[in-house]
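Each chain gets a letter, A, B and so on, in the order the sequences are listed, and its residues count up from 1.
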There are 2 protein chains.
Amino acid sequence: MNRNNINKPATITDVARHAGVSIKTVSRVVNKEPNVSQATLDKVQTAIESLNYRPNMSARGLAAQRSFLITILYDTYLAHSSYTSNVQLGVLKHCNQAGYEVLIHPIEYDKATVSKRLEQHLKRTRPDGLIITPPVADAQNVHQVLNELGTPYVCLSPGGPQADNFVSIDDEKAAQDLCEYLLALGHSQFAVIVGHPDHIAMSAREKGIKKAMRAAGLPLGKHLQKIQGKNTFHSGVEATEKLLTQGNLPTAIIACNDEMAAGAIHVLHQHNIDVPSDVSVCGFDDAPIAEHTWPQLTTIRQPVHQMAFHAAELLVEKLAGNASPKSRIEFSSELIIRASSCAPKGL
Amino acid sequence: MNRNNINKPATITDVARHAGVSIKTVSRVVNKEPNVSQATLDKVQTAIESLNYRPNMSARGLAAQRSFLITILYDTYLAHSSYTSNVQLGVLKHCNQAGYEVLIHPIEYDKATVSKRLEQHLKRTRPDGLIITPPVADAQNVHQVLNELGTPYVCLSPGGPQADNFVSIDDEKAAQDLCEYLLALGHSQFAVIVGHPDHIAMSAREKGIKKAMRAAGLPLGKHLQKIQGKNTFHSGVEATEKLLTQGNLPTAIIACNDEMAAGAIHVLHQHNIDVPSDVSVCGFDDAPIAEHTWPQLTTIRQPVHQMAFHAAELLVEKLAGNASPKSRIEFSSELIIRASSCAPKGL
DNA sequence: TTGAAAGCGCTAACAC
DNA sequence: GTGTTAGCGCTTTCAA
C-alpha cells in the first residue's frame, strides 16, 4: 500500500498520466486555451475530476513570474469604516472569480514615509496588482513607487488632473446637488465640516458646495463657515463643538462624510439643539451610520461596492494585458433625503 | 549593456555569487539557522543588502510546500462590523511581522454548505493556516473539514465543550456581571435581545443573564422577556418593535451586542420612550457604535484586537511546529458604564 | 560549518 | 492539435 499518496494533492503530471496526454495539454485545458479537441478536453476534464486536481499556485506563480495576489492598500485610520469593508467585498467578489486571492494591507498614512513602506510591501510580497483607496491613493510619491516598479494598480478616487486608472463618483457635482437641495429648501447660512485635506474627494466636495452657493448668489464670506474635520465621528464632534463656540449657528451643516455628520448630530443633541428644526445636518456616502442616527441622515449615496468591483475588473484586465481604453471611470451618485434636513425655521 | 537585469529582483543565486558562498549558506542566513560562522554571516548579509535581495515567496512555497498565507475566515454578514475589522488588524499585526501574508475570505454562512465552500478555498488556495470567527467557528462541519485536510487553525469563540484552539472572553461571566450591575440598580423587569442562535458566544451571554437573575431570586418566566435578534442594528430594531407590541415594557433591555442595542435605542426614541429614565439599554462588545448612540451605551468591553493578535500568535506557533500547551485562552472583559443605564423610575 | 545536486509543480518556447 | 524540453528560485537530503 502506498500510504504516501494519501491526502497528497494530485499534480498536473498525475492528471496527464491518468488522461494519457502530455502535461502541456492538461495545462491548455486548465488555462482554457482554445486549441484543444473536444475528445482530449473530455479526457482531461474527467481526469481532473477524478483526481480532484487543483493547480498549485506557488508553482504556477514561480513559473509564470506572478503571484496571483492582489493587495488592497488603505489607510489604517479607515480600517473600521464601512467604506473599507465595502471596498473589500467588492474587490473580493471579482478577484476570486477571476482566480486571484486578495491581501489586505492597511498602512499608516503618512505623506513622507508611505511610499517607502509601500515599496517594502511590493518587494517582499510581489502582488500582481493593487487596489488603492484615499488618502493613500492621493499621494504623489505612492504613484511614483508603483510606476517605477511597474506594478499595475487602480485607485478609488477622483484623482488629480493627471489621473489615470481612477474609479470614482463626481464628488464635486454630488456635493453641489446636495447643497442645491438645501438652497431650494430656503437655507442660506451654512457650515461645512471638511475632511482630511490630503483626500482629493473631500476637497472636491467642498468645492461643489462653494460652487452651488456662488451660483445662488451667496457670498461665501458671510454665508459659509468652514471647519476642519478628519473624517471620523470624533472629529465631527470636535468640529461641531468648535462651531458652537463660534456663536454663529448656521441653519444647515454639511459634513463631508456621514461619520462626521453623525458626530455633529450627537453634539447638537447634547446642546438641545433640534435636528432638523433648528439645524439641518447632511452627510455624504450613505454609510450604515446614516441610518443609525436619530434623525436619520440626508446624504449622498455612493455605490462603493460596485465601484470596487469595477476597479477590480479593470485591474484584472490590465493584468491580462488588455489595457482598457477608458482608464478613468465615474459612477453616478444619488441624493438620499431623510429626516435630518428640512426648511429652515423662519420659512 | 545588459538592460535585462534592470529592475529584475536579485535571486538567492545572485547573492551566493556576490558573497562567494553556496546557495545553501545564503539560505541558512535568510532562515536564521544557527550554524553559520560570523564571517560568513557578515559576507552574506552585506551581499543581501547591496543586491537588495528579497526571497521569492512562490519559489519558497513551492520548494517548502507551504504558501506563507493565512486566511481570515468570517461570515459575509459580519463583514461591515467593527468586530471583523478589529480581527483583521489584530491578525495582520502579528502575521506580517512573522512573515505571513493575510488573506480575507468572507463566506456566506450557511450551516449546510459552509464546509463545502471552505474545502474549496483550502484546496484552491492552500493557506498555511486560518483564523476563524463566529458563527463559522461554531459550525461542527467546519472543524471536520479542517481536521480532515490537516490545516491548522485558531478560532475566536468560546467554543463548545470539546473545544480546542479557541481564544475568547468568558461571555457567560461577562453577561452575568452586566446583569448583576442592573440588578444592583434595582431593575427586575428585563428583556434580552439574543443573537444569532448558531453563535456560541451569544448563547453564553444569554445564559449569563439568566444565571444572574436566578441568583437574585427572580423567576425568569415573569421577569425576563426574550426576543430573537440576528446581531445587526436592523434586527435590534425589529426585536424592539416586537417587544413594544407585546405591551410589557421592561425597565431594562440587554442586547447581546451593541449593534442591536443601538437598534433598540433608535426604536425607543421613535416612540418617545426615554433612555435611560424610562428604560435602560445595555449592549455588548464596546463597538464604536456604543459611543455614537445617544445616550452612549453601557456595555461590556471585549479586547478583540488583542484577542485576534493572540490567536495569530498561537497559529504561527502551531505552524512552526511548537504546539502550545495551552490551546484555550480566555481574555478578561470589562463593564463600561455609560449614560444608557440608570436606576429604574420608581426607585 | 559548508557545498552539490536533485527536485518542488508549473509555464513557455519551440518543435512536430 | 499536441508533445518536448528547459527552466522559474527556492528547500532539502546527503556528502564533505
Q) Is the ring centre of A:His310 less than 6.0 Å from the ring centre of A:Phe166? A)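 No, they do not, as the ring centres are separated by 6.0 Å or more.
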Q.
Under the rule for salt bridge (charged side-chain N to carboxylate O under 4.0 Å, His left out), what residues qualify as partners of A:Lys24, not counting sequence neighbours?
A.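 Partners of A:Lys24 by the salt bridge (charged side-chain N to carboxylate O under 4.0 Å, His left out) criterion come out as none, since no residue qualifies.
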Q) Excluding sequence neighbours, so at least two apart, what forms salt bridge (charged side-chain N to carboxylate O under 4.0 Å, His left out) with A:Arg117? A)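 Checked A:Arg117 against salt bridge (charged side-chain N to carboxylate O under 4.0 Å, His left out); zero matches.
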Check whether any side-chain heavy atom of [X] sits under 4.5 Å from a side-chain heavy atom of [Y], and report yes or no.
{"X": "A:Ile70", "Y": "A:Leu319", "answer": "yes"}
{"X": "A:Tyr153", "Y": "A:Asn147", "answer": "yes"}
{"X": "B:Ile132", "Y": "B:Leu156", "answer": "no"}
{"X": "A:Leu149", "Y": "A:Lys123", "answer": "yes"}
{"X": "B:Leu315", "Y": "B:Pro152", "answer": "yes"}

Q.
Suppose we screen for side chain to side chain donor-acceptor pair (under 3.5 Å). Which residues come up paired with A:Thr133, at least two apart in sequence or across chains?
A.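 Partners of A:Thr133 by the side chain to side chain donor-acceptor pair (under 3.5 Å) criterion come out as none, since no residue qualifies.
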Q.
Between the opening five pairs and the closing five pairs of the helix from C:dT1-D:dA16 to C:dC16-D:dG1, how far apart are the helix axes, to 10°?
A.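 Between the axes fitted at each end of the helix from C:dT1-D:dA16 to C:dC16-D:dG1 lies an angle of 20°.
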Q.
Under 4.0 Å from a heavy atom of chain A: give me the 5'-most and 3'-most nucleotides of DNA chain D that qualify.
A.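 Using the under 4.0 Å cut-off, the span is D:dG1 to D:dG9.
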Which of [range] have a heavy atom under 4.0 Å from DNA chain C?
{"range": "residues 46-62 of chain B", "answer": "B:Leu62"}
{"range": "residues 30-44 of chain B", "answer": "B:Asn35, B:Val36, B:Ser37, B:Thr40"}
{"range": "residues 11-27 of chain B", "answer": "B:Val21, B:Ser22, B:Lys24, B:Thr25"}

Q.
B:Ser22 vs B:Thr25, test: side-chain contact (heavy atoms from CB on, under 4.5 Å). Steps then yes/no.
A. CA-CA 5 Å; B:Ser22 76; B:Thr25 305; 3.0 Å; yes
Q) Which pair of heavy atoms, one from A:Pro55 and one from B:Arg126, lies closest together, and at what distance? A)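 Closest heavy-atom pair between A:Pro55 and B:Arg126: O-NH2, 3.8 Å.
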Q) When you look at B:Val26 and B:Val21, which way does the side-chain contact (heavy atoms from CB on, under 4.5 Å) test go after all the steps? A) CA-CA 7 Å; B:Val26 178; B:Val21 299; 3.9 Å; yes
Q. Does A:Tyr109 offer a backbone N or O that forms a donor-acceptor pair with the side chain of A:Asp75 under 3.5 Å?
A.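 Yes, the answer is positive, given that a donor and an acceptor are paired below the 3.5 Å cut-off.
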Q: Mind jotting down which residue pairs meet the ring pair (Phe, Tyr, Trp, His ring centres under 6.0 Å) criterion with at least one end in residues 51-96 of chain A? Sequence neighbours excluded, please.
A: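 For residues 51-96 of chain A, and leaving out neighbouring residues, the ring pair (Phe, Tyr, Trp, His ring centres under 6.0 Å) pairs sorted by first residue read A:His94-A:Phe309.
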Q) Going 5' to 3' on DNA chain C, which nucleotide is the first and which the last to come under 4.0 Å of a heavy atom in chain A? A)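 Answer, 5' to 3': C:dG9 to C:dA13.
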Q. What salt bridge (charged side-chain N to carboxylate O under 4.0 Å, His left out) pairs are there with at least one residue in residues 84-101 of chain A, not counting sequence neighbours?
A.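 Sorted result for residues 84-101 of chain A: A:Glu101-B:Arg124.
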(Q) Taking the nucleotide of DNA chain C with the nearest heavy atom to each, does B:Arg28 or B:Arg126 sit closer to the 5' end? (A)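 Counting from the 5' end, the first nearest nucleotide belongs to B:Arg28.
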Could you give the side-chain donor-acceptor pairs of residues 40-49 of chain A under 3.5 Å, partners two or more places apart or in another chain?
unit_1  : atom_1 : unit_2  : atom_2 : d
A:Thr40 : OG1    : A:Ser37 : OG     : 2.4
A:Asp42 : OD1    : A:Gln38 : NE2    : 3.1
A:Thr46 : OG1    : A:Asp42 : O      : 2.7

(Q) Could you walk me through whether A:Asn165 and A:Lys318 satisfy the side chain to side chain donor-acceptor pair (under 3.5 Å) test, starting with their C-alpha distance in whole Å, then the side-chain angles of each, then the deciding distance to 0.1 Å, before giving a yes or no? (A) CA-CA 10 Å; A:Asn165 296 108; A:Lys318 266 187 146 183; 3.0 Å; yes
